[in-house]
Amino acid sequence: MTTKKIIAGNWKMNPVSSKEALALYLGIKKNSSRLRQTTAVVFPPAVFLATLRDKGMSVKLDLGAQNMSAEEAGAFTGQISPLMLKNIGAKWVIIGHSEARASGETDADLNAKILGALKNGFKIILCIGEKVRDAQGKYLAVLQNQLAKALENFPAKKISQLVIAYEPVWAIGKEATGVETPDGFLQNSIVIKKTLSSIFNPKSAKAVSILYGGSVGVKNAESFLVTGQADGLLVGRESLDATSFGEILKIADKLR
Ligand code: PGA
């Protein structure tokens, strides 16, 4: 794949003040100013997006939302619409993160959100991943099923708006019970690409970047990008430290 690597930072429900969010954003912005071959994007809590856009928006560091409603406006208490996020400067959105799935989002919900995001011009990072890994490879059916359901009615001509993040749930966060290997990622990404080929067509499937996520950081970023041939990374905890995230950006950028 000759496209730029995508390094995405999911801040989750952190930090707790806009002052800290701005400091983190400006730190990452400084570290991303020289990037040539890498697309950098951060996903702060939505309440901070306006501040970051007004005080720090950078052409080299995109802003994204961690989730969004499928609906554009109306009686949906507590939800944030794609139009609001677009108007506030978000270009990307994460859909189907395992933490959102765990809070009850269904495949049908995710599909509706994807179609809403698509209509509003977002770049979508669709997260997929199994909760448990079995030696017989039954978990691969989970990934195939998540893709097929989330991507129903996704037009192949809009494929450039789609990115997949493969995040095995058991490898995410402080509670991770294991670590994915770069070789494991590579094998799984081949299955993901084949599935995308059958949902769309081989040419469209080739255009989709497949990211790895789950306890990825400075120590293992390069091995996922080189040995695992990942098209990018979705970073959780280490994206909350401007120095570490900057280091990951540099690792990705020097690879070509
Ligand atoms: P982690 O989170 O890097 O803290 O494991 C990754 C994610 O949930 O996207």
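The chain is numbered in sequence order, starting from 1. Note that the coordinates shown come from a computational prediction; the quantities given were computed from them, not determined experimentally. Ligands are counted one by one from 1 in listed order, and the atoms in each one are counted from 1 as well.
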Relative to ligand 1, is E238 under 4.0 angstrom through side chain, backbone, both or neither, heavy atoms considered?
neither
Sole residue of E152, Q146, R101 in side-chain contact (heavy atoms from CB on, under 4.5 Å) with L110:
R101
Atoms of ligand 1, numbered as shown, that sit under 4.0 Å from any heavy atom of G214
5 (O)
Among non-hydrogen protein atoms, atom 9 (O) of ligand 1 lies closest to E167 OE2, 2.6 Å
Give the minimum heavy-atom separation between N10 and K12, together with the two atoms involved.
OD1-N, 3.0 Å
Residue-ligand contact S215/ligand 1, heavy atom below 4.0 Å
yes
Quick check, are the ring centers of F200 and F154 under 6.0 angstrom apart?
yes
Give the contacting part of H97 toward ligand 1: side chain, backbone, both or neither, where contact means a heavy-atom distance below 4.0 Å.
side chain
Nearest heavy-atom approach of M68 to K113 is O-NZ, 3.0 Å
Atom indices of ligand 1, in the order listed, that fall short of 4.0 Å to a heavy atom of R237
1 (P), 3 (O), 4 (O), 5 (O)
Would you mind running through ligand 1 and noting each atom that sits below 4.0 Å from a heavy atom of G236?
1 (P), 2 (O), 3 (O), 4 (O), 6 (C)
Can you spot which of E167, K174, E180, R237 makes a side chain to side chain donor-acceptor pair (under 3.5 Å) with S215?
R237
Closest by any non-hydrogen atom to atom 8 (O) of ligand 1: pick that one out of E99, E175, K12.
K12
Taking the side chain from D253 and the backbone from Q37, do they hold a donor-acceptor pair closer than 3.5 Å?
yes
